[in-house]
Amino acid sequence: MARILILLLVLFAGGLTSSQSSKNGLHVLEGELFNSGLLLRTEKAVIRLTVSPLQEELAYLSGKSIRILCDVNGETCEPKRYEITPFENTKAPDWSLKKIPRYVTGGYFAFNPQCTPDGKILFWTALVKENGRSTQKIWASRRDQYGFWMAGEQLSAPLNNRLPSAVISALPGGNEIFVFGNFGEDEMLENLKREMMFKSQVASREAQSPRDFHIVLSKLETEYKERTEKIQNRAPLYNSQKLPNGWSNPTPIDFPSFYNWYRKSDNPSQQVFGGSALSTSGRTLLYSAQQKKNYGKLDLYVSLQNDSGVFEEGVNLGSVINTGEEEMAPFLAPDDRTLYFSSSGRKEGISIYVTRRQNDSWTAWSEPMELSNNLRGVNFFSIPAVGNWAYVSREGELYMASVPSQFQPDPIHMIHGKVVDEEGNPLSASVLYESLSKRKSLGSTVSDPNTGEFSIVLPYGENYGFYAEKEGYLPVSQNLNLVGKEKEDKEKQVVLVLPKLRKGKEITLNNLFFSFRSSELAKESEPELDRLASILKKSPNLTVLIEGHTDNVGTKQANQKLSVQRANSVAIYLKSVHKIEEVRISTKGFGAELPISENATEEGRSKNRRVVFRILEE
């Protein structure tokens with residue numbers, strides 16, 4: 001055997017080529033595994049793979065092509081991570097399935113994959129043994145800088161406790177997730193029990209007769225039953241946000257009208273919930289339940305969050321989608337129009353279907369189409385906003401599935417950003433986006449407390465404003481008009497620098513809009529101005545200066561006059577609409593005197609045409 005191995009190494013150049021061997025360290029290699037996964041044949045060399053924790057996995061892949069991250073040392077390399085064919089960066093046959101490596105899932109029974117819209121973090125549910133019994137735990141993996149999934153980890157408390165938990169939706173950036181589980185309900189039930197016992201003891205002491213006591217006791221029993229059912233039947237969905245050292249305690253979403261009647265005949269005491277998903281904005285909830293307007297055993301419903309943060313009564317998605325059987329595991333794509341779900345009511349067994357909203361309502365849908373025979377038996381499906389691969393689970397394994405173009409969601413525009421202070425330090429802040437034309441809040445997320453990074457997904461067809469805000473800082477905004485634009489997947493990088501709310505600090509009002517050479521404020525400017533008014537109302541001692549600036553197009557006199565008029569327009573709005581006291585707002589126009597960019601280009605001139613909000617006194 002040793003002589004055969006030596007011969008192979010001689011035939012295939014004895015190891016790394018000279019260009020490779022001169023560079024030790026991490027390298028991405030592609031090739032075919034052979035010799036029980038101990039050798040990798042690339043286009044230029046045969047490379048020996050050292051013994052590593054991946055050895056057993058790679059042995060099973062002998063004879064197959066892989067893309068692998070190796071720590072190269074001379075003519076050998078230590079395998080770190082890998083992916084099997086078809087590779088993500090290549091065109092794959094429609095609905096090809098590629099298994100996610102077992103080093104990612106830890107070898108546990110895995111299902112319910114949920115990928116963040118930016119494709120960088122993958123959450124799933126693992127079936128693990130704990131204290132002698134099986135339970136469901138939340139696991140997660142991140143992509144590394146080379147595009148490989150890293151070894152997954154079971155998330156710590158509070159997301160995982162002694163009861164089953166699962167991620168149902170991960171918002172863009174992975175800084176905010178919605179989870180299914182039981183967080184605090186046992187404690188609520190125990191507190192309710194103690195409260196009722198105390199009330200019954202008081203009633204027994206204060207009752208004038210046994211008859212009076214039994215009347216009060218009957219009322220308490222009714223109250224106890226109703227309140228217990230309310231706790232047990234509330235939506236089992238919670239929100240958690242990333243903290244510097246973990247995740248926040250999951251808090252229940254505010255969905256008071258939720259209920260679910262579905263029970264399996266073999267266990268009528270056990271409520272069966274068919275799954276749920278949230279839009280990338282976190283404001284639209286799709287869920288599977290049995291309610292009074294059902295067509296079948298489990299139907300899909302939608303609930304929209306109102307401006308008070310309450311999810312309103314669910315609306316049945318209609319008979320085009322719902323059958324007499326079970327519609328479950330909904331997933332709303334980042335375009336807010338394409339819905340994937342599993343169904344047992346269309347063909348024998350469970351399969352994944354896709355449908356699209358036909359208008360802005362939630363009850364008009366295209367006829368659902370089965371994705372592929374290759375996905376029979378799959379009951380969980382999610383697809384990020386980037387790339388053409390979906391994530392599915394079948395028989396305890398996680399897979400990636402190549403999605404043909406006709407089944408992919410509509411293109412979107414993704415904003416990748418970072419929130420920092422003026423020294424460049426990352427900030428944990430709220431990032432919100434809105435329709436400027438409709439003056440309507442559309443969604444929000446939070447930035448990572450350790451890096452300041454965030455992502456938001458913006459579907460086409462809207463004129464957006466987005467901004468970051470944090471207590472003690474001035475909010476900073478930007479905008480992106482996607483009305484009438486050609487639909488294609490795009491990404492934009494932004495940095496939002498928040499100044500402290502202190503004397504001498506200033507922000508440029510990026511979401512103010514004027515007609516050409518005019519001082520009349522467009523309606524799209526009102527959300528930005530309303531935020532300024534809110535700052536002034538929260539800080540009654542704040543006095544500010546509104547500065548107007550122009551580019552150098554036109555005469556000096558005309559630019560000076562326009563800059564004064566635009567500053568005055570802002571002040572007039574704050575005083576007249578929001579009743580801010582006259583003495584707290586000063587205005588000044590600078591014309592073209594203080595440019596912040598060159599005037600030789602339109603981009604530079606647009607930056608110079610600005611209105612600045614400056615704090616004079618705290």
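- Checking side-chain atoms of Ser240 against main-chain N and O of Trp247 turns up no donor-acceptor pair under 3.5 Å.
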Query raised in the report: Would Trp261 and Lys292 count as a side-chain contact (heavy atoms from CB on, under 4.5 Å) if you check the C-alpha gap in whole Å, the side-chain angles of each, and the deciding distance to 0.1 Å?
Result: CA-CA 9 Å; Trp261 290 335; Lys292 61 184 178 182; 3.6 Å; yes

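- Of all non-hydrogen atoms in Pro158 and Ser248, the two that sit nearest each other are CG-O, 3.6 Å.
- Relative to the ring axis of Trp362, Arg357 places its NZ or CZ within 45° and under 6.0 Å from the centre.
- Of the possible donor and acceptor atoms, none in the side chain of Ser539 sits under 3.5 Å from a partner among the backbone N and O of Leu542.
- Side-chain contact annotation: Ser366 with Arg356, donor-acceptor N/O pair under 3.5 Å absent.
- Residues Trp389 and Tyr391 place their aromatic rings such that the two centres sit no closer than 6.0 Å.
- Panel note: side chain Trp95, backbone Leu371; a donor-acceptor pair is recorded below 3.5 Å.
- Using a distance-only test at 3.5 Å, with no hydrogens or angles considered, a donor-acceptor pair links the side chain of Ser141 to the main chain of Met150.
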Requested in this report: Tell me, with the steps shown, if Glu367 and Val320 meet side-chain contact (heavy atoms from CB on, under 4.5 Å).
Outcome: CA-CA 6 Å; Glu367 187 66 30; Val320 172; 4.1 Å; yes

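- For the residue pair Ile580 and Ala533, the shortest heavy atom distance occurs at CD1-O, 4.3 Å.
- If you take OH on Tyr353 and CD on Glu370, they are separated by 4.5 Å, rounding to the nearest 0.5 Å.
- Between the CD1 atom of Ile456 and the CG atom of Asp118 there is a distance of 12.5 Å, given to the nearest 0.5 Å.
- Using a 4.5 Å cut-off on side-chain heavy atoms (C-beta onward), Tyr433 and Val431 make no contact.
- Between Phe273 and Phe258, the ring center distance clears the sub-6.0 Å criterion.
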Query raised in the report: Between Tyr238 and Thr251, is a side-chain contact (heavy atoms from CB on, under 4.5 Å) present by the stated rule, with each step listed?
Result: CA-CA 5 Å; Tyr238 301 78; Thr251 56; 5.8 Å; no

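- A side-chain hydrogen bond (donor to acceptor under 3.5 Å, both in side chains) with Tyr262 holds for exactly one of Gln290, Gln291, Lys297, Glu326; it is Glu326.
- Checking Asn239 against Glu176 by side-chain atom types alone, a donor-acceptor pair falls below 3.5 Å.
- Leu300 is listed as a side-chain neighbour of Phe341, based on a closest heavy-atom distance under 4.5 Å.
- Atom OG1 of Thr445 and atom CD1 of Ile415 lie 13.0 Å apart (nearest 0.5 Å).
- In Lys537, the NZ atom is crowded: over 12 heavy atoms of neighbouring residues, nucleotides or ligands sit closer than 6.0 Å.
- Between Leu332 and Ser279, the closest heavy-atom pair is CD2-CB, 3.8 Å.
- At least one donor-acceptor pair under 3.5 Å links the side chain of Asp335 to the backbone N or O of Thr338.
- Phe331 is listed as a side-chain neighbour of Gln114, based on a closest heavy-atom distance under 4.5 Å.
- In terms of modelled atom types and a separation under 3.5 Å, the side chain of Asn161 and the main chain of Asn182 share a donor-acceptor contact.
- The backbone N or O of Ala157 sits nowhere less than 3.5 Å from a side-chain atom of Asn160 that would complete a donor-acceptor pair.
- Nearest heavy-atom pair, Ile168 versus Ser276, reported as atom, atom and distance to 0.1 Å: CD1-OG, 3.0 Å.
- In the model, Asn316 has no side-chain atom that pairs as donor or acceptor with a side-chain atom of Asn294 under 3.5 Å.
- Between Glu223 and Lys199 there is a salt bridge, since at least one side-chain N of the basic residue sits less than 4.0 Å from a carboxylate O of the acidic one.
- Remark: Ser303 OG to Glu313 CD distance equals 9.0 Å, nearest 0.5 Å.
- Using a 4.0 Å cut-off between charged side-chain N and carboxylate O, Lys137 and Glu130 make a salt bridge.
- Counting heavy atoms from C-beta on, the side chains of Ile100 and Leu122 come closer than 4.5 Å.
- Side chains of Leu501 and Tyr473 form no contact here, defined as non-hydrogen atoms less than 4.5 Å apart.
- At least one donor-acceptor pair closer than 3.5 Å links the side chain of Asn450 to the backbone N or O of Pro244.
- Between Glu325 and Arg346 there is no salt bridge, since no side-chain nitrogen of the basic residue lies less than 4.0 Å from a carboxylate oxygen of the acidic one.
- In plain terms, the two heavy atoms of Ser382 and Pro113 that are nearest each other are OG-O, 3.1 Å.
- In this structure, Glu528 and Ser477 have side chains that are in contact, with non-hydrogen atoms separated by less than 4.5 Å.
- Considering Arg531, Arg439, Arg283 in turn, Arg531 is the only one that fulfils the salt bridge (Lys or Arg N to Asp or Glu O under 4.0 Å) rule with Glu434.
- Under the 30°/60° scheme for interplanar angles, the aromatic rings of Tyr301 and Tyr287 are found to lie parallel.
- Between the side chain of Arg376 and the main chain of Ile350, no donor-acceptor pair closer than 3.5 Å is present.
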Requested in this report: Run the numbers on Lys500 and Asp421 for side-chain contact (heavy atoms from CB on, under 4.5 Å), then give the verdict.
Outcome: CA-CA 8 Å; Lys500 284 283 185 71; Asp421 63 17; over 6 Å; no

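- Atom CG of Asp307 has 12 or fewer heavy atoms from other residues, nucleotides or ligands within 6.0 Å.
- Residues Pro459 and Tyr464 approach most closely at O-OH, 2.6 Å, considering heavy atoms.
- Here the side chains of Leu317 and Leu339 are in contact, with some heavy-atom distance below 4.5 Å.
- Summarising the local packing, CZ of Arg211 is surrounded by 12 or fewer heavy atoms from other residues, nucleotides or ligands at distances under 6.0 Å.
- For the residue pair Tyr573 / Asp530, a side-chain donor-acceptor distance below 3.5 Å is found, with atom types taken as modelled.
- The aromatic rings of Phe311 and Phe255 are tilted relative to each other, their planes meeting at an angle between 30° and 60°.
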Query raised in the report: Is there a side chain to side chain donor-acceptor pair (under 3.5 Å) between Glu462 and Ser435 once you walk through the steps?
Result: CA-CA 7 Å; Glu462 194 66 74; Ser435 167; 2.7 Å; yes

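- Residues Leu474 and Ile535 meet the side-chain proximity criterion, which asks for heavy atoms closer than 4.5 Å.
- The neighbour count for Glu195 CD, taken as heavy atoms of other residues, nucleotides or ligands under 6.0 Å away, is above 12.
- Using a 4.0 Å cut-off between charged side-chain N and carboxylate O, Glu581 and Lys575 make no salt bridge.
- A donor-acceptor contact closer than 3.5 angstrom is absent between the side chains of Glu469 and Ser430.
- Of the possible polar contacts, one joining the Asn112 side chain to the Val167 backbone as a donor-acceptor pair under 3.5 Å is found.
- Aromatic rings from Trp149 and Tyr103 are positioned such that their centres are separated by 6.0 Å or more.
- A side-chain donor from one of Thr323 and Glu327 sits under 3.5 Å from a side-chain acceptor of the other.
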